[in-house]
2 protein chains.
Amino acid sequence: MGRQAEKSEASIASVLDVALELFSSQGFRATSMREIAAKSGLSVGNLYHHFPNKEAIFRQLIERYWERLLDPDLRLNRLFAEARFPDDLPEMAAAIEEVVEANTPYILLIYVDVIEFGGEHIRAFYDNMSERFEAAYGERFRRLREEGRIGDVDPLVAVMVASRWFFYFFTVEKCFGVPMHFGMSPRQAVDEFIRLIRRGLEPRPDDATGAV
Amino acid sequence: MGRQAEKSEASIASVLDVALELFSSQGFRATSMREIAAKSGLSVGNLYHHFPNKEAIFRQLIERYWERLLDPDLRLNRLFAEARFPDDLPEMAAAIEEVVEANTPYILLIYVDVIEFGGEHIRAFYDNMSERFEAAYGERFRRLREEGRIGDVDPLVAVMVASRWFFYFFTVEKCFGVPMHFGMSPRQAVDEFIRLIRRGLEPRPDDATGAV
DNA sequence: CGGAACCTAACGATCGTTCGGTTTTTTATG
DNA sequence: CATAAAAAACCGAACGATCGTTAGGTTCCG
């Protein structure tokens, strides 16, 4: 199975692409099988030959998103694996921007899931978030603490806040269609976020007066 | 218009309540006028006597959410008006938790709007966010800076990050149905967030060694 | 009496899904 | 390699249900 199945695999991929576009831009119930069939150049009957029902298409899309997010070759995942937080904050922001940019419709799909399926699928993502971060960063943070390189803030909370915040910020920028919602360019906003996470709001004795 | 209109006003309010519940739990297109009519004890014909069409109900709900958010008596808005940031961070977190708790279905409505209406209505909320915060906090922050009570982080960015982050955090907790998604109680998580915003991740000279 | 509130029934369209059948591809056999 | 049988891919029409909205009428109330 390789050559001979190529055409049908291409068709199925096309169906999924079309369905992703439609589901993410108008919702699950508002998207009809006829619309998916027409836009992907298949007949309705054939569509049901490849998928048992409409929800199966949706489920498969959610699964595809999962696979994309867990891909070890993803820049963000390589970054998590390297565990250089907080030294890599700028790279983390850039990697998350990349993820959001490359998965805009999938991210919207999550909100479709929250609304129309009660958040069945999103839960798995958030549920064990703290465990996954602990697995990736726990050891490093214990070492950093021994070296006195960590203040009185829990770095595990900090890395979760940072990554979730970047993700949310770019989601609003790119998926909700509200660019510059912080009144400045994303690049500048990210710089400010990183400074806040690193330095905190309270002045430090070693601060310059006003910091240009 | 007061007494004699009471019954119909009660009906309309009931319609809006029912529609809010349905729209926020299954989406706009997935909710039928018949369902709204049945659950609010009206006939379909009478429903169309009070609203020109389905979208008008949705629009009215968005409008009601706006009014609730802008209510000057809202604890969060009184807090913004007092402009005591960052001294009031704990109260701000509590006030935002209160807002999210009291408006859970309305918040979900925003995501319905993003998906099914291309985010027509959410934009107005985010669009002038930075201006509104500048109007509320600009003067205070300039004074604080003169007093040397502000470090090298832009406090206007900080107050926007803080409030948006609290809002997002409680939205995931209460609207997406993923409680404890930081692996700790909301109270404890909020404490950590506040410490992060105030102190930053980098150790300070005046830090205690490990800070229990 | 007049208008607002309210009702049921119906219209035309569209929905998810199924059905019966044709075409194309794969596989097995001589 | 030719070819028949089996399997997979594919199609448009149709089914029963439901959709948003309207029509035409009755009831309530000042």
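With hydrogens and angles left out, the side-chain atoms of A/Arg164 and A/Tyr126 include a donor and acceptor closer than 3.5 Å.
In this structure, B/Phe51 places its CZ atom 15 Å from P of D/dG20, rounding to the nearest Å. Rounded to an integer number of Å, the gap from NE2 of A/His49 to C1' of C/dT24 is 12 Å. Distance, A/Leu42 CG to C/dT23 P: 18 Å, rounded to whole Å.
Taking the centre of each ring, A/Phe182 and A/Phe193 come in below the 6.0 Å mark.
Qualifying side chain to side chain contact (heavy atoms under 4.5 Å, CB included) partners for B/Glu55, counting only residues two or more places apart in sequence or in other chains: B/Phe28, B/Asn53, B/Arg59, B/Phe117.
Between the side chain of A/Arg199 and the backbone N or O of A/Ile194 there is no donor-acceptor pair closer than 3.5 Å. A donor-acceptor contact shorter than 3.5 Å is absent between the side chain of B/Arg149 and the backbone of B/Phe141.
The distance from the OH atom of A/Tyr168 to the CZ atom of B/Phe169 is 14.0 Å, given to the nearest 0.5 Å.
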Strictly under 4.0 angstrom, non-hydrogen atoms only: write out the protein contact profile of nucleotides 8-18 of chain C, one letter per nucleotide from the 5' end, B, S or -. B-B----BBBB
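Electrostatic pairing of B/Asp87 and B/Arg140 counts as a salt bridge here, judged by a charged N lying under 4.0 Å from a carboxylate O.
For the pairing with A/Met184, the side-chain contact (heavy atoms from CB on, under 4.5 Å) check across A/Gln188, A/Met180, A/Arg187, A/His181 returns one residue only, A/Gln188.
Taking the screw axis at each terminus of the helix from C/dC1-D/dG30 to C/dG30-D/dC1 from five consecutive base pairs, the angle between the two is 10° to within rounding of 10 degrees.
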